[in-house]
Amino acid sequence: MLDINLFREHADMIRADHDKRGLPHDRIEEVIALDQTWRNHLHETDQLRREKNEAARGIGAAKKSGNQEEAQRILAQVADLGQRISDLESMTNEAMSARDRLRMSIPNILHSDVPKGEDESGNTVHAVHGTKPSFAFEPRTHNALIEMNKWVDLKRAAKITGSRFYFLKGDLARLEFALQQYAVDFLRQREYTFVQPPVMMNRAAYEGVTDLGDFETVMYGVEPDAYYMIATSEHPLTAMFMDETIPEETLPLRMVGVSQCFRREVGSHGQSDMGIWRVHQFTKIEQIIIARPEDSWALHEELLQNCTDLWDSLGIHYEIVNICTGDMGTVAAKKYDLEAWIPGANQYKEIVSCSNCTDYQANRLSIRYGQPGHPNQPIVHTLNSTAVATSRALVAIMEQYQLEDGRIAVPEVLQPHMGGQTVLEPCNWG
RNA sequence: GCAGUCGUCGCAUAGCCUGGUAUUGCGCCGGAUUUGAAAUCCGGUGUCCCCGUGACUCGGGAGUUCAAAUCUCUCCGACUGCGCCA
């Protein structure tokens with residue numbers, strides 16, 4: 001959510017950003033109008049309250065001195081003021097909640113490097129790492145590979161849960177586990193603190209970190225407790241500082257979170273999304289940074305550097321893409337994706353997303369830095385990046401490391417986490 | 001899950017029974033004093049707005065009342081004991 005002062009003092013910045021995104025200005029103007037309405041009502045309410053408070057102060061004194069007539073006169077006056085106040089109060093609250101509902105739907109101000117574009121075709125290639133693997137045989141798709149090796153059981157998962165859930169079995173499950181350990185160790189060596197979060201959050205905390213539309217299309221709700229399953233550990237690891245002032249000397253706060261992630265994926269279809277590429281539940285190792293505003297752009301590059309070092313070490317061929325205006329969500333100010341080469345699909349596909357959310361989440365969550373207990377401390381910036389989403393990493397590894405017989409070579413850096421094993425063997429039951 | 005105790009400004013605390021301006025200490029910021037520091041003293045230190053002799057604020061919400069930190073209901077959270085359990 002954007003700071004309300006931006007609408008009051010620098011609305012042109014927001015308008016210019018909407019122009020770049022190709023969005024109309026009407027919602028901006030409406031926020032400004034509702035804000036003015038709210039402030040007018042608020043001021044009027046305050047004046048009436050003041051009158052009422054002043055009058056009510058006389059009641060005690062009048063009663064004490066036995067002047068019942070005077071007391072009754074004031075009571076009548078105060079009752080009338082009370083009615084007017086409560087009428088005006090509901091209008092005031094209505095204007096404010098309307099203002100903020102709308103304000104939450106207005107996207108973050110983009111960084112100037114973000115390219116203009118209608119949709120994902122407008123994204124620009126920032127860098128290319130590694131080289132396309134060449135095979136002396138016809139490479140199989142990951143769907144064929146998981147089936148012939150009996151590593152994934154979608155059918156039985158559908159029986160007990162529903163579509164897009166899966167059992168991961170045998171050596172592929174072990175590789176998944178190795179990826180988690182490798183990625184956490186990798187980032188711990190770079191001074192990121194390992195954190196395991198709750199996988200459910202309440203609504204108030206969740207509204208601070210995500211787009212409102214996500215409640216319908218992305219998150220699972222948990223009844224009767226009104227919790228939401230997290231879509232990524234970014235959400236709890238950012239929201240954990242809600243309503244806090246973080247001592248400045250502890251910034252930047254670097255964390256590596258690991259959690260199961262849950263996504264409803266409403267409206268997603270397509271042949272290329274078969275198998276375990278797009279699923280309702282997966283594990284993700286995530287990088288999170290809470291930073292001072294002046295440090296956040298350098299730290300955004302640090303997050304990207306961590307990703308490229310990590311994925312280079314896994315020996316995966318990928319492109320780094322600078323996400324364009326039309327493909328950007330509401331929260332990020334700038335976003336890089338890593339897209340791995342998937343031979344079976346003959347295209348590059350998203351495996352990592354690396355964002356600087358600037359103060360957009362922190363405003364809504366009211367996360368400040370400086371001295372706790374002091375007024376008007378500045379708002380922090382929040383950044384997040386995938387390190388490894390294991391289901392997609394497994395796809396990229398299977399597709400790029402496959403052998404002629406359908407088995408998979410284990411990337412060298414993962415072998416120590418696999419007891420020295422160099423090749424994934426099929427599961428012996430299906 | 002049951003029972004009890006509790007939740008007050010960054011931390012710690014008083015006020016609640018008996019409704020009427022939210023107390024004090026620590027920390028932090030600024031100033032005075034000092035060669036400098038410590039100590040001491042003075043002021044500041046929740047939110048909002050049109051910045052005032054303004055409004056709001058005592059875990060959240062609702063109610064009673066002219067008036068609620070204070071009384072009532074409800075939800076949330078913490079602690080203790082019992083029960084259950086990986």
Side-chain angles (χ1 to χ4, degrees), chain A residues 1-9 11 31-100 103 196-208 221-228 236 239-251 253 260 290 292 359 362-380:
Chain A
M1 182 169 68
L2 296 178
D3 188 339
I4 190 64
N5 288 312
L6 217 51
F7 292 86
R8 291 177 187 166
E9 290 157 28
V31 168
I32 293 170
L34 283 165
D35 182 51
Q36 195 56 56
T37 305
W38 170 68
R39 290 203 282 176
N40 292 342
H41 286 337
L42 182 71
H43 189 247
E44 204 179 328
T45 313
D46 279 2
Q47 292 308 314
L48 289 174
R49 280 213 185 95
R50 178 186 184 172
E51 268 182 61
K52 186 186 172 200
N53 289 343
E54 278 168 2
R57 253 173 237 140
I59 293 176
K63 279 190 172 169
K64 206 172 274 180
S65 67
N67 191 343
Q68 288 301 328
E69 214 173 284
E70 173 67 0
Q72 286 306 315
R73 191 190 63 75
I74 297 174
L75 280 175
Q77 181 193 355
V78 159
D80 174 56
L81 281 168
Q83 186 55 51
R84 287 166 64 194
I85 288 169
S86 81
D87 290 349
L88 202 53
E89 212 168 36
S90 52
M91 287 167 68
T92 310
N93 293 338
E94 226 167 81
M96 173 142 96
S97 56
R99 181 196 77 179
D100 285 343
R103 182 155 65 115
Q196 296 189 32
V199 295
M200 297 176 209
M201 287 170 61
N202 62 45
R203 176 105 193 185
Y206 226 131
E207 282 184 356
V222 180
E223 295 301 340
D225 291 296
Y227 294 152
Y228 292 88
M240 71 188 285
F241 299 101
M242 177 166 72
D243 295 324
E244 289 191 32
T245 301
I246 302 173
E248 184 165 2
E249 63 272 19
T250 66
L251 299 181
L253 207 48
Q260 293 279 302
I290 315 280
R292 296 149 75 216
D359 61 0
N363 260 320
R364 175 84 183 133
L365 290 168
S366 189
I367 306 175
R368 300 166 183 277
Y369 72 96
Q371 286 178 341
H374 282 251
N376 292 317
Q377 298 293 289
I379 297 284
V380 300

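No hydrogens, no waters, no symmetry mates; every other heavy atom, side chains included, goes into these values. Residue numbers start from 1 in every chain, and the chains themselves are labelled A, B, ... in the order their sequence lines are given, proteins ahead of strands.
- Every residue two or more places apart in sequence or in another chain that forms a side chain to side chain donor-acceptor pair (under 3.5 Å) with A/Asp35 is listed here: A/Arg8, A/Arg99.
- When the salt bridge (charged side-chain N to carboxylate O under 4.0 Å, His left out) test is applied to A/Glu54, the partners found at least two apart in sequence or on another chain are A/Arg50.
- Residues that satisfy the side-chain contact (heavy atoms from CB on, under 4.5 Å) test with A/Ser366, not counting sequence neighbours, are A/Asp243, A/Arg368.
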Using a cut-off of under 3.5 Å, enumerate the N/O to N/O pairs linking the protein to nucleotides 58-63 of chain B.
none

What are the atom names and distances for every N/O pair under 3.5 Å that joins the protein to nucleotides 84-86 of chain B?
none

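- Annotation: B/G81 and B/C26 have their P atoms spaced 35 Å apart (nearest Å).
- Both A/Ile4 and A/Arg49 sit near RNA chain B, but only A/Ile4 has its closest nucleotide nearer the 5' end.
- Across the protein-nucleic acid pair, A/Asp243 atom CG and B/G10 atom C1' stand 13 Å apart, rounded to whole Å.
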Output one letter per nucleotide in nucleotides 69-78 of chain B: B when a protein non-hydrogen atom lies under 4.0 Å from the base, S when only the sugar-phosphate is that close, - when neither is.
----------

Show me the protein contacts with nucleotides 43-47 of chain B, counting only N or O atoms at under 3.5 Å.
from: B/U45; atom 1: O2'; to: A/Gly373; atom 2: O; distance (Å): 2.6
from: B/U47; atom 1: OP1; to: A/Asn376; atom 2: N; distance (Å): 3.4

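- Every residue meeting the ring-ring contact (aromatic ring centres under 6.0 Å, His included) condition with A/Tyr228, not counting sequence neighbours, appears here in chain and number order: A/Phe215.
- At a non-hydrogen distance threshold of 4.0 Å, nothing from residues 86-97 of chain A comes into contact with RNA chain B.
- Checking A/Glu44, A/His41, A/Met96 one by one against A/Met91, the side chain to side chain contact (heavy atoms under 4.5 Å, CB included) holds for a single residue, A/His41.
- When the C1' atom is used for both B/G36 and B/C51, the distance is 40 Å, rounded to whole Å.
- With sequence neighbours excluded, no residue forms a salt bridge (charged side-chain N to carboxylate O under 4.0 Å, His left out) with A/Arg84.
- Of the P atoms belonging to B/G54 and B/C6, the separation is 36 Å, rounded to the nearest Å.
- A distance of about 13 Å separates the C1' atoms of B/A38 and B/U33, rounded to the whole Å.
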Please tabulate, one pair per line, each protein N/O and nucleotide N/O from nucleotides 50-54 of chain B that are separated by under 3.5 Å, including the distance.
from: B/C50; atom 1: OP1; to: A/Arg39; atom 2: NH1; distance (Å): 2.4
from: B/C50; atom 1: N3; to: A/His43; atom 2: ND1; distance (Å): 3.0
from: B/C50; atom 1: N4; to: A/Asn40; atom 2: OD1; distance (Å): 3.4
from: B/U53; atom 1: O2'; to: A/Arg50; atom 2: NH2; distance (Å): 3.2
from: B/G54; atom 1: N2; to: A/Asp46; atom 2: OD2; distance (Å): 3.2

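- Scanning RNA chain B for stems, defined as runs of 3 or more consecutive Watson-Crick or G-U wobble pairs whose donor-acceptor distances all fall under 3.5 Å, gives the following ranges: B:1-7 with B:76-82, B:10-12 with B:24-26, B:27-32 with B:40-45, B:46-48 with B:54-56, B:59-63 with B:71-75.
- At B/C66, none of the side-chain N or O atoms of A/Lys52 fall inside 4.0 Å of OP1 or OP2 (strictly under the cut-off).
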